[in-house]
Amino acid sequence: MPQKKIALIFLLLNSIFINFAFSQKISEVDKIVAKYPKSFDSTEKLADKIEKDFDSDYDRARAIYSWIAFNIRYDYNAYLNPPRTQGFSYSSEVEKQRKIKQLNDNLIQKAFKSKKAVCEGFTALYQHLASLMGIKCEIIRGDSKISVRDIGRKTTSSNHAWNMVLIDKKWRLIDVTWGQGYYDSSKGRMVNDFNPAYFDTDPDYFFAKHFPDSGTFLGNRLSKDDFLNGPLIYNTTVEKDYKIKSPDSGIIEARNGDKITVEIKNLSKSNQVFYLNKRNQPVKVQNPKEKRRGLEFQIGIDNNIGDYITVFVDGNSVVSFKITSK
């Protein structure tokens with residue numbers, strides 16, 4: 001997978017205009033796994049422990065997610081200084097597949113033993129542990145949307161990877177790399193912060209932030225334009241089920257004096273809603289109206305509005321839009 005030294009990568013979840021103090025829905029599975037040892041002698045012993053403690057494939061899949069997210073850290077240094085691609089020669093298809101398997105096994109064991117990985121290691125380890133428990137799991141590669149500068153990009157790139165697992169005849173979307181924490185740009189380091197939002201994520205939310213290389217999900221074609229031009233949503237949006245009803249595009253053409261109507265589901269007047277002006281000063285929305293199990297409000301475009309608008313709810317970033325001149 002190409003690893004370009006771009007300024008903002010898939011790991012910088014909500015690194016612009018963000019407060020990470022959203023509530024976390026820690027499940028009973030997570031509580032049990034949190035008491036597991038940080039290290040096991042082998043992946044097989046970890047898989048045996050999970051199989052013993054949990055009866056359903058769903059709980060086992062969650063336990064894999066939790067253990068990896070609790071114990072494997074994103075290797076930001078490896079991201080910035082990726083190792084050279086390891087090539088190999090072969091004389092037959094059998095030898096080729098054997099060497100590919102050996103490289104993959106090495107990747108899995110390196111992540112498991114060193115407790116550090118980039119997304120390839122996270123996804124390979126997740127798939128390996130799932131396979132030990134008889135859970136069908138796939139690795140999907142594609143693009144990720146994590147920065148306001150991603151709104152309106154011209155094309156997609158292959159810069160990330162995630163998993164899908166088949167449980168109860170349904171494919172579930174999982175991004176354990178994003179579940180383990182985030183990069184704090186103000187401190188210049190990774191922060192361990194377990195996030196359950198990217199286990200069995202609603203596809204509508206998931207594909208607002210991920211776009212597979214194939215451009216499809218379960219045989220259905222996804223809209224590249226919707227991905228590239230849609231608004232940027234944040235962890236809290238997924239966690240709290242804050243559906244963005246309006247505007248439906250992330251790119252808003254406006255001139256001074258115009259008003260943008262924003263509608264977000266599952267909000268009420270009891271929520272504190274504001275946005276940031278170009279000086280990063282909070283501006284409270286005026287006269288919000290409760291509408292269809294959500295909140296509708298307007299943002300006036302003037303000289304204090306910058307190139308982007310990020311809406312916050314109760315101190316947490318929820319959605320960002322790009323503003324262009326008419």
Side-chain angles (χ1 to χ4, degrees), residues 1-20 22 74 76 79-80 82 118-119 140-162 173 175 177-179 181-186 190 195 197-198 201-217 221-239 242-244 246-254 260 262 264 275-276 278 280 299 305-312 316-325:
M1 173 186 310
Q3 296 202 36
K4 299 178 181 179
K5 294 185 179 180
I6 55 177
L8 292 168
I9 62 170
F10 63 87
L11 237 293
L12 309 185
L13 299 180
N14 302 345
S15 61
I16 296 179
F17 312 137
I18 288 191
N19 182 320
F20 286 93
F22 58 85
Y74 188 82
Y76 191 60
Y79 168 78
L80 294 177
V118 293
C119 61
I140 310 298
R141 292 176 174 82
D143 198 356
S144 58
K145 188 173 186 176
I146 51 79
S147 162
V148 291
R149 281 178 264 183
D150 287 328
I151 303 172
R153 268 197 284 125
K154 298 302 181 183
T155 187
T156 57
S157 63
S158 188
N159 59 24
H160 191 35
W162 56 92
L173 294 160
D175 190 337
T177 308
W178 286 10
Y182 62 92
Y183 180 80
D184 187 331
S185 57
S186 66
M190 296 299 301
N195 183 355
Y198 294 102
T201 312
D202 183 321
D204 287 344
Y205 289 126
F206 198 87
F207 292 117
K209 297 179 73 68
H210 301 73
F211 193 84
D213 288 342
S214 67
T216 62
F217 173 59
R221 181 148 297 275
L222 301 171
S223 172
K224 183 185 291 189
D225 287 343
D226 285 352
F227 172 77
L228 292 172
N229 299 324
L232 174 68
I233 64 170
Y234 295 90
N235 291 351
T236 301
T237 319
V238 182
E239 184 84 9
Y242 291 152
K243 286 185 170 61
I244 313 303
S246 176
D248 57 2
S249 174
I251 304 173
I252 300 172
E253 292 187 359
I260 302 167
V262 180
I264 303 176
Y275 61 93
L276 296 180
K278 64 183 179 183
N280 284 343
I299 297 176
I305 296 294
D307 295 331
Y308 303 96
I309 292 176
T310 297
V311 176
F312 288 73
N316 303 313
S317 49
V318 169
V319 62
S320 292
F321 302 95
K322 182 178 181 179
I323 307 300
T324 61
S325 299

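This is a predicted model, so every value here is computed, not measured. Numbers here are sequence positions counted from 1.
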Quiz item: Any salt bridge between Asp175 and Lys209, counting N to O under 4.0 Å?
Solution: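 No salt bridge links Asp175 with Lys209.
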
Output the distance between atom [atom1] ([X]) and atom [atom2] ([Y]), rounded to the nearest 0.5 Å.
X	Y	atom1	atom2	value
Thr201	Glu239	OG1	CD	10.0 Å
Ile309	Ile323	CD1	CD1	4.0 Å
His160	Lys145	NE2	NZ	15.0 Å
Thr216	Leu222	OG1	CG	6.5 Å
Leu228	Asp143	CG	CG	7.0 Å
Ile140	Leu173	CD1	CG	8.5 Å

Quiz prompt | With sequence neighbours excluded, residues passing ring pair (Phe, Tyr, Trp, His ring centres under 6.0 Å) with Phe227 | solution =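 Applying ring pair (Phe, Tyr, Trp, His ring centres under 6.0 Å) to Phe227 gives Phe211.
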
Quiz item: Can you list the residues that meet the ring pair (Phe, Tyr, Trp, His ring centres under 6.0 Å) rule with Tyr242, with sequence neighbours excluded?
Solution: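 Tyr242: no ring pair (Phe, Tyr, Trp, His ring centres under 6.0 Å) contacts found.
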
Self-check item: Verdict with supporting geometry, Leu232 and Asp150, side-chain contact (heavy atoms from CB on, under 4.5 Å)
Solution: CA-CA 8 Å; Leu232 174 68; Asp150 287 328; 5.7 Å; no

Quiz item: Sub-3.5 Å donor-acceptor pair from the side chain of Thr237 to the main-chain atoms of Val318, do we have one?
Solution: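 Present.
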
What are the two closest non-hydrogen atoms of [X] and [Y], and how far apart are they?
X	Y	value
Gly152	Ile251	CA-CD1, 3.6 Å
Tyr74	Cys119	CE1-N, 3.9 Å
Thr236	Ser317	CB-O, 3.8 Å
Ile151	Gly250	CG2-O, 3.5 Å

Quiz item: Would Asn159 and Ser144 count as a side-chain contact (heavy atoms from CB on, under 4.5 Å) if you check the C-alpha gap in whole Å, the side-chain angles of each, and the deciding distance to 0.1 Å?
Solution: CA-CA 7 Å; Asn159 59 24; Ser144 58; 3.2 Å; yes

Could you work out, with side-chain contact (heavy atoms from CB on, under 4.5 Å) as the rule, every residue matching [X], not counting sequence neighbours?
X	value
Asp226	Ser223
Asp213	Arg141, Ser158
Lys278	none
Pro247	Ile252, Ile260, Val262, Phe321

Practice problem: Check the pair Tyr275 / Ile305 against side-chain contact (heavy atoms from CB on, under 4.5 Å), numbers first and verdict last. | Solution: CA-CA 10 Å; Tyr275 61 93; Ile305 296 294; 3.7 Å; yes

Quiz item: Would Trp178 and Ile146 count as a side-chain contact (heavy atoms from CB on, under 4.5 Å) if you check the C-alpha gap in whole Å, the side-chain angles of each, and the deciding distance to 0.1 Å?
Solution: CA-CA 11 Å; Trp178 286 10; Ile146 51 79; 3.5 Å; yes

Quiz item: Can you name the residues that form a salt bridge (Lys or Arg N to Asp or Glu O under 4.0 Å) with Lys322, not counting sequence neighbours?
Solution: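 Expected list: none.
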
Quiz item: Which residues pass the side chain to side chain donor-acceptor pair (under 3.5 Å) test with Ser249, sequence neighbours left out?
Solution: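 Result, side chain to side chain donor-acceptor pair (under 3.5 Å) vs Ser249: none returned.
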
Quiz item: Under the side chain to side chain donor-acceptor pair (under 3.5 Å) test, which residues partner Thr155, sequence neighbours left out?
Solution: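 Partners of Thr155 under the side chain to side chain donor-acceptor pair (under 3.5 Å) test: none.
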
Quiz item: With under 30° as parallel and over 60° as perpendicular, where do the rings of Tyr198 and Phe206 fit, or are they tilted in between?
Solution: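 Geometry flag for Phe206 against Tyr198: perpendicular rings.
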
Quiz item: Are any non-hydrogen side-chain atoms of Tyr234 and Asn316 less than 4.5 angstrom apart?
Solution: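 Not touching, per the 4.5 Å side-chain cut-off.
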
